[in-house]
Amino acid sequence: MAQDKDQKTLNVPPLRFTGFTDEWKECTIRDIAKIEKGNGISKDQLSEEGDECILYGELYTKYKSEIIDEVYSKTKVDSTKLMRSQANDVLIPCSGETAEDIATARCVKMEGILLGGDLNIMRFDKQDGAFMSYQLNGKRKYDIARVAQGVSVVHLYPEHLKSIKVVLPELEEQQKIVNLLSLIDERIATQNKIIEKLESLIKGLNDSLYKRYGDSIRTTFAKLGYSYSGLSGKSAEDFGTGKPFIPYLNVYSNNIVNENDYQYVRINDGEKQNIVQYGDVLFTLSSETPEEVGVGSVYLGIDEVFLNSFCFGFHIENKELAYPPYFSYYVSSTPFRKFIYPFAQGSTRFNLCKADFEKTSIKLPSLENQKHIYAILNRITEKIETEKSLLEHYTTQKQYLLHQMFI
């Protein structure tokens with residue numbers, strides 16, 4: 001809200017383009033939109049050819065910005081009774097895993113796109129759909145989350161959506177705001193592509209360098225050092241405060257442990273727990289799929305830190321054969337993932353057979369080449385981190401504008 005020269009509170013946002021002075025008007029979605037429902041089309045009905053379509057789950061996975069101007073899926077399903085988009089439609093899922101997730105709005109800019117089931121479709125006559133998407137994802141996100149219903153699966157019904165209050169300027173000002181925010185979204189999309197290409201480069205180069213140099217040393221993990229378990233004997237009351245430990249997702253998501261992503265556990269004086277050391281290779285012990293068992297990460301910090309109970313650590317003692325930092329790339333290489341895959345055992349849940357894994361022969365580059373490969377790949381990693389910092393900057397800038405340019 002802002003104030004005029006007479007100290008009267010005006011119904012306008014804190015940040016505004018010059019030339020606009022009228023107050024914004026409050027209404028409900030019921031007043032300005034009709035809400036339709038999508039229907040039909042499942043994942044197994046997608047194809048390489050056919051009519052372009054949008055499924056509700058893709059709003060979470062494929063369409064990251066408020067404006068959809070390119071469609072990724074097609075289907076050959078009979079479309080005579082299906083719903084097609086009108087330009088300016090706003091899509092919101094009818095169901096999701098959490099109330100916050102379900103409050104995800106996307107504006108379709110194209111006519112005639114098939115809209116799958118479990119989609120709320122808002123159609124406006126005199127409002128800019130993209131502006132509505134930005135407002136619904138920003139200032140109105142938690143208003144939408146509050147009217148969603150359900151526990152394990154959350155539902156958002158049209159009648160509840162119609163009750164959401166919005167605050168609107170004239171159409172020209174809406175379009176001016178959309179033009180600015182869409183430029184930032186384009187920059188964010190470009191930044192994501194830069195990061196994706198660098199990550200693809202590092203993966204391809206990692207495999208290529210291993211193929212060229214990775215047959216110099218034949219050894220086993222058992223000959224390189226020793227393994228140790230994560231935390232043991234802990235109950236729920238022990239977690240939340242105390243000493244830092246590396247959680248499962250930190251190992252699963254990073255080649256090098258992220259030192260800004262620790263959790264905490266109470267460790268009593270004299271208690272025996274394994275401490276992670278510099279250069280230790282950490283592995284996940286189990287997962288729902290065999291491909292995700294034995295995902296590795298390397299700890300390159302110096303602080304006293306512990307390991308979660310669903311992973312195990314491996315301390316490399318033989319520094320004449322192995323350069324520990326190199327393993328941050330080795331354990332994510334395609335040859336290593338193929339090597340470890342057979343050691344995943346189970347049916348509904350897969351566990352790593354650690355004893356067999358440790359005694360089976362592996363191939364490594366020479367120590368000199370391990371250091372050389374690490375130096376090359378680490379430079380690209382540093383570049384990726386720089387680009388991720390830029391992405392975070394643009395994302396923060398967008399969130400600031402969403403907060404300041406809307407009521």
Side-chain angles (χ1 to χ4, degrees), residues 12-20 22 24-25 29 32-33 52-56 58-73 85-93 100-113 115 119-144 164 166-197 387-407:
V12 297
L15 186 62
R16 201 175 189 190
F17 286 105
T18 58
F20 296 101
D22 291 342
W24 290 26
K25 297 178 181 179
I29 290 177
I32 58 174
E52 292 182 317
C53 63
I54 297 173
L55 306 188
Y56 90 97
E58 295 176 338
L59 299 193
Y60 304 123
T61 59
K62 291 188 177 181
Y63 302 106
K64 300 298 186 180
S65 67
E66 280 74 5
I67 299 173
I68 297 177
D69 52 18
E70 178 183 6
V71 177
Y72 300 109
S73 298
S85 70
Q86 296 178 10
N88 205 48
D89 279 352
V90 173
L91 311 179
I92 294 184
E100 287 75 20
D101 284 343
I102 208 173
T104 301
R106 302 287 184 257
C107 177
V108 184
K109 286 294 189 179
M110 300 85 77
E111 297 270 353
I113 307 301
L115 302 176
L119 281 174
N120 288 302
I121 307 162
M122 293 190 291
R123 293 190 161 157
F124 304 92
D125 288 330
K126 300 179 180 179
Q127 312 299 329
D128 188 293
F131 176 87
M132 295 302 304
S133 289
Y134 284 116
Q135 180 167 179
L136 293 173
N137 287 338
K139 290 287 190 176
R140 303 283 86 82
K141 187 173 185 69
Y142 293 106
D143 295 339
I144 295 173
I164 299 297
V166 292
V167 192
L168 306 171
E170 295 298 323
L171 183 60
E172 184 182 356
E173 188 172 0
Q174 291 182 32
Q175 293 169 340
K176 192 91 170 176
I177 293 169
V178 167
N179 289 339
L180 173 62
L181 292 174
S182 62
L183 286 174
I184 296 175
D185 277 336
E186 288 175 12
R187 188 63 187 86
I188 289 173
T190 299
Q191 197 64 25
N192 275 313
K193 289 179 182 178
I194 291 171
I195 293 169
E196 288 170 6
K197 288 183 177 180
E387 299 300 337
K388 285 183 176 180
S389 295
L390 281 173
L391 175 62
E392 184 177 353
H393 170 77
Y394 294 128
T395 303
T396 301
Q397 184 182 47
K398 177 184 174 179
Q399 292 304 314
Y400 172 80
L401 292 175
L402 285 175
H403 182 75
Q404 294 293 315
M405 300 188 77
F406 291 85
I407 300 175

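Start at 1 with the first residue, then count along the sequence. Values below: all heavy atoms of this structure, side chains included; hydrogens, waters and symmetry mates excluded.
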Which atom of [X] lies closest to which atom of [Y], heavy atoms considered:
X: Val178; Y: Ala130; result: CG1-CB, 3.7 Å
X: Ala105; Y: Val90; result: CB-CG1, 4.0 Å
X: Gln127; Y: Phe124; result: O-CB, 3.9 Å
X: Gln175; Y: Asp128; result: CG-OD2, 3.4 Å
X: Ser133; Y: Cys107; result: OG-N, 3.2 Å

Does any part of the side chain of [Y], heavy atoms only, come nearer than 4.5 Å to the side chain of [X], both counted from C-beta?
X: Ile29; Y: Leu136; value: yes
X: Leu59; Y: Ile68; value: yes
X: Tyr134; Y: Ile67; value: yes
X: Tyr63; Y: Val71; value: yes
X: Thr190; Y: Arg187; value: yes
X: Ile144; Y: Thr104; value: no
X: Gln135; Y: Val167; value: yes

Exam field: side chain [X] to backbone [Y], donor-acceptor pair closer than 3.5 Å:
X: Ser85; Y: Met110; value: yes
X: Asp89; Y: Gln86; value: yes
X: Gln191; Y: Glu387; value: yes
X: Lys126; Y: Ile32; value: no
X: Arg106; Y: Ser65; value: yes
X: Glu58; Y: Leu55; value: yes

Please round to the nearest 0.5 Å and tell me the distance separating atom [atom1] of [X] and atom [atom2] of [Y].
X: Tyr56; Y: Thr61; atom1: OH; atom2: OG1; result: 10.0 Å
X: Met132; Y: Leu168; atom1: CE; atom2: CG; result: 5.5 Å
X: Lys176; Y: Arg16; atom1: NZ; atom2: CZ; result: 13.0 Å
X: Lys388; Y: Glu392; atom1: NZ; atom2: CD; result: 11.0 Å
X: Leu91; Y: Asn120; atom1: CG; atom2: CG; result: 9.5 Å
X: Leu119; Y: Ile54; atom1: CG; atom2: CD1; result: 8.0 Å

Going by atom type alone, with no hydrogens or angles, which donor-acceptor pairs under 3.5 Å involve a side-chain atom of residues 399-407 and a protein atom two or more places apart or on another chain?
none

Residue among Trp24, Phe17, Phe20 satisfying side-chain contact (heavy atoms from CB on, under 4.5 Å) with Pro169: Trp24

Lys/Arg-Asp/Glu bridge criterion (N-O < 4.0 Å) met for Glu66, Lys398: yes

Would one find more than 12 heavy atoms of other residues, nucleotides or ligands at under 6.0 Å from atom CD of Glu172? no

